[in-house]
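Below is one structure, written out as structure tokens; the observations come after it.
Computed from a prediction, not measured in an experiment: that's the story for all the values here. Every number for a ligand or one of its atoms is a count from 1 in the order of the listing.
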Amino acid sequence: MSVLRAEHVSYSYQTKYQTIEAVKDVTCEFEKGRFYAVTGESGSGKSTLLSLLAGLDLPKEGRILIEGEDLAQMDRDRYRREKASVVYQAFHLFPLLSALENVMFPMELCGMKKDEARSRAKELLASTGLGEKSFTQLPQMMSGGEQQRVAIARAVAAGGEILLADEPTGNLDTENEKNIVELLKNSAHEKGYAVIVITHNPEVAAQADEVFVMRDGRLKVREEAV
Ligand SMILES: Nc1ncnc2c1ncn2[C@@H]1O[C@H](COP(=O)(O)OP(=O)(O)O)[C@@H](O)[C@H]1O
Ligand SMILES: [Mg+2]
């Protein structure tokens, strides 16, 4: 059974003047141990779909299933705490915690000992290519690209089975982009997460096991590498 599945999912935004159908009848499924990319033009519904998969909002029609269980019937905060880690476009780091403490946080929350969480967090941060002198900095002292890497390390540290990321390499140069793609790929292929990444970057998409393309709210499978 797939770990995450969308079944005929639709979502619309109601504004004062119109209804915007952002996601239309999308059916797709994601398995553990695979790295997925979702591409498509701006406004095609990618972020909306991600927020539905993350349980931040419920579909207006259709269902999201987590290992066969309807997300609408589940405790969705708990789902995000225990199963699904989300990397948002705007990072959402804890402003009063250093880079290292941000990454340690989800591990300590799960009951890991502080020393272990610290060494694990250092490893993860290093694997994103972030220099050691940034580890003790607060987010506001860091560049966008540095914050992005901390956010990704924190999501991987959370250790859920599903990792969802919205444009995780959007602020990075080629070198750091490679580090992040490696980390996301390893999270799928070695740790067995289902990794789902929204990206505009064809080079990131080229690394995925499967690529979905969104167009005008609808989802198409572009290719499947076996
Ligand atoms: N909060 C919102 N209120 C109204 N319309 C929205 C909102 N968020 C997104 N939309 C609209 O929904 C559509 C899909 O947006 P989005 O999911 O952000 O696309 P993408 O991530 O592919 O750029 C767009 O037409 C966008 O303008
Ligand atoms: Mg978006």
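The side-chain contact (heavy atoms from CB on, under 4.5 Å) test with Met104 is passed by exactly one of Met112, Lys114, Arg154, Glu116: Lys114.
Aromatic ring orientation, Phe212 versus Phe30: perpendicular (interplanar angle above 60°, classes split at 30° and 60°).
Of the N or O atoms in Ser47, one or more lie within a sub-3.5 Å distance of an N or O in ligand 1. Of the N or O atoms in Ala22, none lie within a sub-3.5 Å distance of an N or O in ligand 1. Of the polar atoms of Gly43, at least one N or O is found under 3.5 Å from an N or O of ligand 1, judged by distance alone.
Residue Ser44 places a heavy atom under 4.0 Å from ligand 1. Heavy-atom separations between Glu41 and ligand 1 include at least one value shorter than 4.0 Å.
A distance-only check finds a donor-acceptor pair linking the side chain of Lys46 to the backbone of Gly40 [under 3.5 Å].
No more than 12 heavy-atom neighbours from other residues, nucleotides or ligands sit within 6.0 angstrom of NZ on Lys122.
The protein heavy-atom contact nearest to atom 4 (C) of ligand 1 is Tyr13 CB, 3.4 Å. Looking only at heavy atoms of the protein, atom 22 (O) of ligand 1 is closest to Lys46 NZ, 2.8 Å. For atom 19 (O) of ligand 1, the closest heavy atom belonging to the protein is Gly45 N, 3.1 Å.
By the definition of a contact as any protein heavy atom under 4.0 Å away, atom 26 (C) of ligand 1 is not in contact.
Of all the atoms in ligand 1, the ones that sit under 4.0 Å from a non-hydrogen atom of Thr48 are 15 (O), 16 (P), 17 (O).
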query = Checking salt bridge (Lys or Arg N to Asp or Glu O under 4.0 Å) for the pair Arg120/Glu123: CA distance, chi angles, key distance, verdict?
reply = CA-CA 5 Å; Arg120 183 89 191 89; Glu123 251 172 56; 3.3 Å; yes
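Of all heavy-atom pairs between Ala205 and Thr199, the closest is N-CG2, 4.1 Å. What you find for Leu183 and Ser127 is that their closest heavy atoms are CD1-OG, 3.5 Å.
Between Glu67 and Lys32, at least one side-chain nitrogen of the basic residue sits less than 4.0 Å from a carboxylate oxygen of the acidic one, meeting the salt-bridge criterion.
Distance check for Thr48 against the Mg ion (ligand 2): none of its N/O/S atoms falls below 2.8 Å.
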